[in-house]
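Order of the sequence lines sets the chain letters (A, B, ...), proteins ahead of strands, with each chain counted from 1. The figures here come from the full heavy-atom set of this structure, side chains too, leaving out hydrogens, waters and symmetry mates.
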2 protein chains.
Amino acid sequence: MSPTDGKGPRAQRKAARPMEILEAAFEEFSAQGYAATRVEDIARRVGVTKGTVYVYFESKEVLFGEMMRHLSTPLADTRAHIRSLEGPYPQRIEAFVRYVYQRLVADRKTRELLRLVVAEGARFPHLADRQDEEFMQPLCDAAGEMIREGVACGAFRPTPLAEIPELLISPALLRAVEHLMFDDRRSTDLEDFIAAHLELLWSALLPCEERTGTNGRTARPDA
Amino acid sequence: MSPTDGKGPRAQRKAARPMEILEAAFEEFSAQGYAATRVEDIARRVGVTKGTVYVYFESKEVLFGEMMRHLSTPLADTRAHIRSLEGPYPQRIEAFVRYVYQRLVADRKTRELLRLVVAEGARFPHLADRQDEEFMQPLCDAAGEMIREGVACGAFRPTPLAEIPELLISPALLRAVEHLMFDDRRSTDLEDFIAAHLELLWSALLPCEERTGTNGRTARPDA
DNA sequence: TAGAATTGACTGACCCTTTAGTCAATGAAA
DNA sequence: TTTCATTGACTAAAGGGTCAGTCAATTCTA
């Protein structure tokens with residue numbers, strides 16, 4: 001039974017408050033950083049006053065922690081999603097790579113989570129650990145496994161990518177960091193970038209004779 | 001004539017102060033972030049009081065700006081250094097790659113500069129621009145040029161790396177970000193990582209028949 | 001050279017704004 | 001009428017920024 005079931009408008013509002021506050025906290029904390037964010041700003045964004053925020057969260061620090069936890073939860077299904085990929089290995093790799101760009105570059109929430117971890121990680125070390133546990137490690141493990149399978153069944157050549165899958169996702173991270181630094185001021189075409197990234201991967205993964213230069217699908221994604 | 005020439009101890013101390021303060025400011029700002037750093041902390045680190053800091057810098061914000069400028073200046077010679085690389089193209093690439101790891105991963109100052117740009121870039125946009133202008137762009141331009149030369153003279157195969165040299169340095173950036181997130185808690189071997197990175201590059205750059213798996217020198221760097 | 005006068009780098013107490021956190025009063029929903 | 005989510009005025013503490021005063025280094029004078 002959901003918390004909004006069979007309740008009057010008062011109870012519904014109350015039930016919705018914590019989430020509203022977490023969303024507003026995300027906007028403010030990611031834009032200003034922890035120390036520079038005022039609880040009053042978060043409250044104003046929700047349309048209430050500071051006192052209300054303290055009804056739902058006992059302190060600014062707790063609110064920040066809860067907000068980070070809230071941000072991290074959608075990452076939990078990363079591993080399952082990746083394991084569900086099907087088809088020939090190169091296409092699986094491409095789907096995987098596009099998924100990584102989707103999360104790390106296109107999805108603002110994940111991107112800003114990265115900013116907060118880098119910016120505030122020194123004072124909240126568990127943030128980095130959770131982010132790694134729930135996102136980076138699953139991603140890398142799944143990628144490594146996929147590549148080793150591909151190698152085992154002869155689709156891919158042996159490659160250090162199998163042992164160090166971070167190499168596979170690093171270009172996406174670079175785009176994410178660029179995005180964090182310049183927002184939208186320096187945006188070269190992402191599709192071109194991904195195409196080049198895939199090209200680089202094929203040269204490492206595919207046997208020489210299969211490298212045509214247009215493996216997988218490097219064309220724009222259409223329906 | 002240097003500012004310490006022929007001066008008494010009083011004048012020498014005065015001349016040294018701004019630099020001392022900038023160094024202390026770097027330590028505090030990079031550890032705590034702009035908003036959470038107190039000018040008093042910076043002063044204490046130097047061994048003076050807050051008032052003294054305000055003798056040399058008119059405000060916290062100006063001090064931060066000057067500190068960032070001070071940090072950025074050593075980056076200026078990046079381009080020259082890269083152009084001075086010599087020898088066969090694969091060795092030049094390897095030297096370049098190692099230089100990038102040196103700066104981005106091993107050099108604490110450059111790494112923390114990255115943290116500050118990501119963390120504070122939203123409120124000080126010119127920081128990102130300068131960092132890019134003086135470091136990232138020269139690095140990428142030089143790399144792109146080197147690869148295109150290598151392709152032109154037949155040492156390398158045509159490759160999208162020539163047009164998108166960011167791909168070449170992205171693994172180093174990943175290590176830098178990991179370092180920022182975990183400090184020293186998660187350090188897999190850097191040499192293994194670089195070796196794998198180079199391996200990946202050779203599979204993209206070298207003709208098939210030259211790819212032995214141990215191009216360049218993948219052994220530990222010795223004298 | 002010795003002592004007096006001057007300088008100026010530095011201090012630390014102070015001001016004032018900002019902001020985390022509190023709580024008695026309020027008024028709309030139940 | 002009762003309940004309780006919300007308010008907004010309040011406190012306390014923190015921290016940016018100021019400045020008159022201090023004393024050691026330096027310069028001047030005899």
Colleague: B:Ile21 has an atom CD1; how far is it from atom P of C:dA9, in whole Å?
Modeller: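 Computing the B:Ile21:CD1 to C:dA9:P distance gives 12 Å.
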Colleague: Please answer whether the main-chain N or O of A:Tyr34 pairs with a side-chain N or O of A:Glu120 as donor and acceptor at a distance below 3.5 Å.
Modeller: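 A pair under 3.5 Å: yes.
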Colleague: Does any residue of residues 47-70 of chain A have a heavy atom under 4.0 Å from DNA chain C, and if so, which ones, in number order?
Modeller: A:Lys50, A:Tyr54, A:Ser59, A:Lys60
Colleague: Would you say that A:Leu161 contacts A:Leu201 through its side chain, given a criterion of any heavy-atom pair below 4.5 Å between the two side chains?
Modeller: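 Yes, their side chains come closer than 4.5 Å.
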Colleague: Might you point out which heavy atoms bring A:Ser170 and B:Ser170 nearest each other, and give the distance in Å?
Modeller: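 Looking at all heavy atoms of both residues, the shortest contact is OG-OG, 3.2 Å.
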Colleague: Take the protein atom CD1 of A:Ile42 and the nucleotide atom C1' of C:dA20, then report the distance between them rounded to whole Å.
Modeller: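 Result: 12 Å.
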Colleague: Are the ring centres of A:His70 and A:Phe26 closer than 6.0 Å?
Modeller: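 No.
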Colleague: Counting only heavy atoms and a strict 4.0 angstrom limit, can you tell me which residues of residues 26-39 of chain A come near DNA chain C?
Modeller: A:Thr37, A:Arg38, A:Val39
Colleague: Answer yes or no: is there an ion pair linking A:Arg148 with A:Glu145, defined by an N-O contact shorter than 4.0 Å?
Modeller: no
Colleague: Hey, what are the protein-to-nucleotides 5-7 of chain C N/O distances that come in under 3.5 Å?
Modeller:
none

Colleague: Are the side chains of A:Glu61 and A:Phe124 in contact, using a 4.5 Å heavy-atom criterion?
Modeller: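 In contact.
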Colleague: Starting from C1' on D:dT7, measure out to CZ on A:Arg13 and report it in whole angstrom.
Modeller: 13 Å
Colleague: May I have the distance from A:Lys14 (atom NZ) to D:dT6 (atom P), rounded to whole angstrom?
Modeller: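 So the NZ-P distance, A:Lys14 to D:dT6, works out to 7 Å.
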Colleague: Return the value, rounded to whole Å, for the distance between atom CD of B:Glu40 and atom P of C:dT11.
Modeller: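 Whole-Å distance recorded here is 11 Å.
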Colleague: Any heavy-atom pair between the side chains of A:Arg44 and A:Asp41 that's under 4.5 Å?
Modeller: yes
Colleague: Has A:Arg17 got a side-chain N or O lying under 4.0 Å from the OP1 or OP2 atom of D:dT6?
Modeller: yes
Colleague: Looking at every non-hydrogen atom in both residues, tell me the closest pair between A:Ala24 and A:Ile42 and how far apart they are.
Modeller: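 Smallest interatomic distance, heavy atoms only, reads CB-O, 3.8 Å.
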Colleague: Looking at B:Arg111 and B:Glu178, does any basic side-chain N land under 4.0 Å from a carboxylate oxygen?
Modeller: no
Colleague: Please report the distance, rounded to the nearest Å, between CZ in A:Arg44 and P in C:dT18.
Modeller: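 Interatomic distance, CZ of A:Arg44 to P of C:dT18: 13 Å.
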Colleague: Look at the aromatic rings of A:Tyr99 and A:His81 and report parallel, tilted or perpendicular, splitting at 30° and 60°.
Modeller: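 Rings of A:Tyr99 and A:His81: parallel, under 30°.
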Colleague: Might you point out which heavy atoms bring A:Gly87 and A:Arg92 nearest each other, and give the distance in Å?
Modeller: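 So the two residues come closest at O-NE, 3.0 Å.
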